[in-house]
Amino acid sequence: MAKAPIITPQGEDFPRWYQDVLNKAQLAENGPVRGTMVIRPYAYAIWERMVSEMDARIKAAGAQNAYFPLFIPENYLQREAEHVEGFSPELAVVTHGGGKELEEPVVVRPTSETVIGEYMSKWIQSYRDLPLLLNQWANVVRWELRPRLFLRTSEFLWQEGHCAHASQADAAAYADRILREVYEDFMVNELAIPVFTGRKIPEERFAGAINTLSCEAMMRDGKALQMGTSHELGQNFARAFDIGYQDENGERQLCWTTSWGTSTRMMGGLIMAHGDDRGLLVPPRIAAVQAVVILVKDDDAGAVGDSTRRIGAELAAAGVRVKVDDAASTPFGRRATDWELKGVPVRIEVGPRDLAENLVTVVRRDTGEKFPVALNELTVKVAGLLEEIQSSMLSEATARRDAATVTVNSIGEAVEAAATGFARIPFDLLADGGVDELGRSAVTVRCLQLEDGSTPVEDHAPGAIALVARSY
RNA sequence: CGGGUGAUAGCGCAGCUUGGUAGCGCGCCUCGUUCGGGACGAGGAGGUCGGGAGUUCAAAUCUCCCUCACCCGACCA
């Protein structure tokens, strides 16, 4: 059946494809104010899964959740010179409240280092209070000039960790631990998205940080997406907010702070790292709906519909996040297509012909593979299939990324490679304006790694490799 | 914020040059026939033509201002 494609093929126009998926899979749309976003229930359910998995890892890393206010006194931001300089252009500032002009304007948090720093300062007295490991789930506002749903919106949801440590070594170790045990682990094992981790070059650092680490993922158009960052803030904020403690010898010391964040941008990464020409493709572990049981066609007695619902209930009882689609008044093909668009990993088709033989037809969303499964084996088979799809999606994504990542030895080659993917280039070759030269071709340094993939601990580590790409 | 393009039904668009009853496709509702990969027929609902001002007997159409969106350039999770 040669039908017009439901969504724009990726190869034809990737941004258009992204928009189509957002619309057709009912994920998100623009809010009434420029740059704002409405997250629709299906996408929000996936976000809730992300929150739940991330939150568990954050707690396992020792951090505790807390909540700090949305409104921040403007003067807090100004206490850290680089911080205020970095964020000023994108601040939303409240000048009126209660019908009157405020004596001091209040900013809507773009990030919470400053408010949290103020309270850390009060809460930390002794080395016994350290490390203080906090995290909050919140919305933040950064006025964006060119918003894109999920990827760059003026308001977004995120998690921001804020910690105070006794020494620089502890701070560095924790920033790295979060990057690996929380971020990389979550992205690889839950989102099935391989990431390059590494150190940001000074120009790309968080405003006020002495070191920024990041996770960089490759989207299916070969562009990079920064999926998470973890910062060493040195003593910059500790100094500005007087976050200090008395050590074992009774000496007054300044803390070393860190901060780290991941946001709803990960939704954009999920869509663009896995989605194909049939729509979204959600890895089973993060899927809000792992399997849909779809009634193909009922019989006069309604027995097939009853079986469909019973099968759904059995799978749910076995712990599968399942949805029953028994809306037989809508043509089967239409519903099948809709669930594919939404990226549900497993589809279980129940029709009279199947039931006559005590089986159902199971379809994998990732491969399109279709096969019969005996009813009495369904629960076990589905559980196994979900795991298989999860690992297969990760290997597919990894293979795609590695095939599009090349090692080069000149800026010209790097620019060429960045047209379709990532390039690894010795950082030395980018000295003397090389970064700017890349920039003229819209190519940026995503992060620095050492030859063995480990993270450099200084800005000009000998032998550092720059991972460069076009990026979102 | 600069340059370009645009805004007409939920979505995609025509109509504008040459002012004169607001249209098409998809989607939606009803009924019937269908139903194992986006079904078909008949009937129907749905629009202050982005907002405001102006020109005119008359404006979706002409003029001005504003707002918003998309693409391209300077910043970011």
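Just so we're clear, the structure is a prediction, and the values are computed from it rather than from any experiment. Naming: A, B, ... by sequence-line order, numbering from 1 per chain.
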### Message
Within the 4.0 Å heavy-atom criterion, would you say A:K370 contacts the bases, only the backbone, or no part of the nucleic acid?
### Response
base
### Query
Considering only the C1' atoms, how many Å lie between B:rU17 and B:rC35, rounded to the nearest integer?
49 Å
### Task
Determine the contact category for A:E160: base if any of its heavy atoms lies under 4.0 Å from a base atom, sugar-phosphate if only primed atoms, P, OP1 or OP2 are that close, otherwise nothing.
nothing
### Query
Between atom OG of A:S263 and atom CH2 of A:W47, what is the distance when rounded to the nearest 0.5 Å?
6.5 Å
### Query
If we take the C1' atom in both B:rG41 and B:rU34, what is their distance in whole Å?
11 Å
### Query
Are any of the side-chain heavy atoms of A:M187 and A:T262 separated by less than 4.5 Å?
yes
### Task
Decide yes or no for A:D276 and A:R220: does some side-chain heavy atom of the first lie under 4.5 Å from some side-chain heavy atom of the second?
yes
### Query
In the strands shown, is B:rG54 matched to any nucleotide by a Watson-Crick or G-U wobble pair with both distances under 3.5 Å, and which?
B:rC62
## Note on the structure
Which of B:rC28, B:rG37, B:rG36 is nearest the side chain of A:R334? It is B:rC28
### Query
Can you name the closest pair of heavy atoms from A:C215 and A:Y183 and give their distance?
SG-CB, 3.9 Å
Dump every N/O contact between nucleotides 67-77 of chain B and the protein below 3.5 Å, one line per pair.
from	atom 1	to	atom 2	distance (Å)
B:rA69	OP2	A:R34	NH1	2.5
B:rC72	OP2	A:R146	NH2	3.0
B:rC76	O2	A:R265	NH2	3.1
B:rA77	OP2	A:Q226	NE2	3.3
B:rA77	O3'	A:Q226	NE2	2.3
B:rA77	O2'	A:Q226	O	3.4
B:rA77	O2'	A:R265	NH1	3.3
B:rA77	N6	A:T153	N	3.2
B:rA77	N6	A:T153	O	2.9
B:rA77	N3	A:S263	OG	2.7

### Message
Can you tell me how the ring of A:F241 sits relative to the ring of A:F237, calling it parallel under 30°, perpendicular over 60° and tilted otherwise?
### Response
parallel
### Task
Quick one: look up who B:rG2 pairs with, Watson-Crick or G-U, both distances under 3.5 Å, and put none if it's unpaired.
B:rC72
### Query
Across all strands shown, which nucleotide pairs with B:rC24 by Watson-Crick or G-U wobble geometry, both distances under 3.5 Å?
B:rG12
### Message
For A:F186 and A:I58: C-alpha separation, side-chain torsions, deciding distance, then whether side-chain contact (heavy atoms from CB on, under 4.5 Å) applies.
### Response
CA-CA 10 Å; A:F186 169 78; A:I58 288 166; over 6 Å; no
#### Entry: Same-atom distance (C1') from B:rG23 to B:rU8, integer angstrom
10 Å
### Query
For B:rU17, which nucleotide is its Watson-Crick or G-U wobble mate, given both distances must be under 3.5 Å?
none
### Query
Just checking A:T361: base, sugar-phosphate only, or nothing, at a heavy-atom cut-off of under 4.0 Å?
base
### Message
Any non-hydrogen side-chain atom of A:D221 less than 4.5 Å from a side-chain atom of A:W17?
### Response
no
### Query
Does B:rU67 have a Watson-Crick or wobble mate here (both distances under 3.5 Å), and if so which one?
B:rA7
### Task
Find the partner of B:rC31: check Watson-Crick (N1-N3 plus N6-O4 or O6-N4) and G-U wobble (N1-O2, O6-N3) distances, both under 3.5 Å, and reply none if neither fits.
B:rG41
#### Entry: Sugar-phosphate, base or nothing in reach of A:D338, heavy atoms under 4.0 Å
base
### Same-atom distance (P) from B:rC62 to B:rA7, integer angstrom
11 Å
### Same-atom distance (P) from B:rU61 to B:rA53, integer angstrom
14 Å
### Query
Between A:K297 (NZ) and B:rG37 (C1'), how many Å, whole number?
15 Å
